[in-house]
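Before any comments, here is the structure.
Starting from 1, each residue takes its place in the sequence as its number.
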Amino acid sequence: MGIASHGRVAVSNRPTDPVVRRRRFCHPTGMRALQCWVVACVVCVAGSSCSSVPSAEELCARFGLVPDPARDACRCPDGTTRRESGDGCDLPDGGFLPFPDAGVADAALPDASDDADVRCEVGASRECSVPGARGACANGRQTCNEGEWSACESTVRPSTEQCDGIDNDCDDVIDGPSAAASCSATRVAEAACSAGSCVAVTCADSWLDCDDRFDNGCEAQLGTLAHCSECGEVCGWDCEASGCNDAVGVGVGERHACAIRTDQTVVCWGLNLYGALGNGTGTNSESPVVVETLRNARAVAGGLEHTCALVGDGTVRCWGANAVQQCDRERDNAILTPHTVLSVNDAVALATGAEHTCVARASGHVDCWGNNEAGQLGRGTETIGRNSRQRVMGISNAVDVAAGHLHTCAALSDGTVACWGANSYGQLGDGTTMPRSTPRVVSGLDDAVAVAAGDRHSCALKSDGSVWCWGDNAVGQLGNGMTGLSTSPVRVRELSDVADVVSGPATGRHSCALRRDGELWCWGNNASGQIGDGTMDVRLIPVRVASNVASVAVGGGSTCATRTDGSPVCWGRNDQGQLGDGTLAPRAVPTPVLPL
């Protein structure tokens, strides 16, 4: 083979000359690479088979070069100089000896699909790919076994993006925008992918993801007692869009009842012949209805067929029956929505009797209006018919007031109690059965802090937590274990640490006491199950009815209470739906009032 002046390997077409068949190029940077070049450029003699692959020494000698094993390369022969361009050797006579691949462009390494006839060095490895694959996350690798390349291994190809912290679609973005599409759970309206985990962004209407678990979707149904408007807000009774609207207080009339809700609105249920429910109609309701136009209520009380509420600003609003002006409106026998009692703006306590109403004012005075047939208004007279609001005589230091059927009592700041009105059963507690149209001090009490009045009996709570009662005792309403009336206070048995005591306003002949630990105890008449102990047996001494009670009120033949979780319950007589459970059936145990 000769050396051409242009520095290329001479190629001759003569049959006796070597024939170079260029099939594939390598980049020879060493002797092994030159071997690769020779294999790629097979040198054959015309009419004979191709020669075998030469050794490194033969390879260098074939091109007039000298092997240099230390550098794994061929070098220029002695007496020649390597050209600065690096493409060959300058000869002493001015000639030029090119390197075998001078002027030949580099070519890529062969891939696995087109080098079956190219042997490899055992143990070598290289990256491989699959023809036509696009967006591959990893091309995999091949290893040389017995001189042949293995199949591609560990190749990762594109798939649908998932929310798993992996670049599934091989776009160099982990958990890309399309990853959210793989997130699906019950009642999740919109989902997102965050840090390899699916999260609920928006839930279906009225549902919320409260436990931050995606696998169970949006599990909390808002508008239910278990979950109202916020996670973890459990309602005891009523739920509205704005949140829980539980009961915080109750008032019970003869055959209707009411509850104050968290938002200080009032709902009522039961008899509504004269508008005692305050919803603008005269239709009874066996479940709660909203009292119209009433806001900011602090207390509510029911009479025979009328209702009154003490409002936060010290005013009083009344509705229902008004035949004797018990709602303090000069005209109208029935008031279907709340009416503001004029000239009262500092009330601190409210009481409704059968057909009269009284308030204790911040000044210590007591005002009453309505029926006065037995002198229960305390103005020194007994009058039948309509009676407007007037001040009770002789009282200037009242802290609490209670109204029974035809009598009234007040607890005074000095610890004494004064009563006035009907007294045929000794309900005034002055040691007689004489009616009084002006207040008389109850004998034997000097540290009372609250007072209650029933049909024909009265009770007082003392500062030591004991309860004392007087008056009618035919069905055990005095709680002393006997049935004879008493014209002076007797101690109620089995009771201590009491926080509040209540009695019915009209025909109520039972009483209840709420202890400081939330236990409720009741005694007296039980003909309709109003005691709440599961029987209809008269109870001459208090029996334990319930625990976790927050407030209580007593009606003619029924009782209602609110629990500490905000749920109201009622029991006893239910002929007018006064228990609010959606039925007319009596209940001998506390029964939940229906929500709105």
Side-chain angles (χ1 to χ4, degrees), residues 249-259 268 270-271 276 299-308 320-321 326 350-358 370-371 374 376 400-409 419 421-422 425 427 450-461 467 469-479 485 492 500-514 520-532 536 538-539 542 545 551-561 569-576 578-580 586-587 590:
V250 286
V252 182
E254 177 68 12
R255 289 179 290 179
H256 73 287
C258 299
C268 297
L271 181 65
V300 63
L304 185 66
E305 292 181 309
H306 79 292
T307 312
C308 292
Q326 58 264 55
L350 168 69
T352 51
E355 294 182 312
H356 73 291
T357 306
C358 297
N371 187 20
Q376 61 264 46
D400 192 23
V401 63
H405 190 180
L406 294 171
H407 74 290
T408 310
C409 294
C419 295
Y425 290 85
Q427 57 264 48
V451 67
D455 179 16
R456 294 174 297 195
H457 75 286
S458 307
C459 296
L461 172 64
V467 176
C469 296
W470 57 94
D472 188 15
N473 196 28
V475 287
Q477 52 264 59
L478 301 189
L485 67 80
V492 178
D500 192 20
V501 61
V502 293
S503 298
T507 63
R509 294 192 293 167
H510 73 292
S511 298
C512 293
L514 177 61
L520 180 65
W521 295 66
C522 298
W523 63 96
N525 188 27
N526 196 26
S528 299
Q530 59 262 51
I531 296 298
M536 293 188 180
V538 170
R539 297 300 181 182
V545 178
S551 67
V552 62
V554 167
S558 62
T559 308
C560 291
V569 289
C570 294
W571 57 97
R573 186 178 178 181
N574 197 27
D575 59 317
Q576 302 295 326
Q578 58 262 53
L579 302 188
R587 309 288 184 180

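Interatomic distance, CZ of R456 versus CD of Q427, reported as 8.0 Å (0.5 Å rounding). To the nearest 0.5 Å, atom CD of residue Q477 and atom OG of residue S458 are 10.5 Å apart. The distance from the OG1 atom of T352 to the CD atom of E254 is 11.0 Å, given to the nearest 0.5 Å. If you take OG1 on T559 and CZ on R587, they are separated by 15.0 Å, rounding to the nearest 0.5 Å. H405 NE2 to S503 OG: the interatomic distance, rounded to the nearest 0.5 Å, is 14.5 Å.
Using a 4.5 Å heavy-atom cutoff, the side chains of L350 and T357 are in contact. Under the 4.5 Å side-chain criterion, counting only non-hydrogen atoms from C-beta, T307 is in contact with C258. A heavy-atom distance below 4.5 Å is not found between the side chains of Q530 and R573.
Not counting sequence neighbours, Q376 has no partner by the side-chain hydrogen bond (donor to acceptor under 3.5 Å, both in side chains) test. Listed by chain and number, the residues in a side-chain contact (heavy atoms from CB on, under 4.5 Å) with S551 are V250, T562 (sequence neighbours excluded).
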For this session: List the steps, then state whether side-chain contact (heavy atoms from CB on, under 4.5 Å) holds for V492 with W521.
Result: CA-CA 11 Å; V492 178; W521 295 66; over 6 Å; no
For this session: Could you walk me through whether N371 and L406 pass the side-chain contact (heavy atoms from CB on, under 4.5 Å) test, one step at a time?
Result: CA-CA 8 Å; N371 187 20; L406 294 171; 4.0 Å; yes
For this session: Carefully, step by step, assess E305 and R255 under the rule side-chain contact (heavy atoms from CB on, under 4.5 Å).
Result: CA-CA 8 Å; E305 292 181 309; R255 289 179 290 179; 4.2 Å; yes
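A pairwise comparison of heavy atoms in G529 and W571 identifies O-CD1, 3.3 Å as the closest pair. Shortest non-hydrogen contact noted between V467 and V501 is CG1-CG2, 3.9 Å. Annotation for H407 and A453: closest pair NE2-CB, 3.8 Å, computed over non-hydrogen atoms. Considering every non-hydrogen atom in both A403 and A351, the closest pair reads N-CB, 3.6 Å. The two atoms that bring P505 and G302 nearest to each other are CG-O, 3.3 Å, heavy atoms only. Heavy atoms only, all atoms of each residue included: C419 and W470 are closest at SG-CZ2, 4.2 Å.
Judged by distance alone, the side chain of N574 and the main-chain N or O of L579 form a donor-acceptor pair under 3.5 Å. At distances below 3.5 Å, at least one donor-acceptor pair connects side-chain atoms of N473 with backbone N or O atoms of L478. For the pair N525 (side chain) and V475 (backbone), a donor-acceptor distance under 3.5 Å is absent. At least one donor-acceptor pair under 3.5 Å links the side chain of N526 to the backbone N or O of I531.
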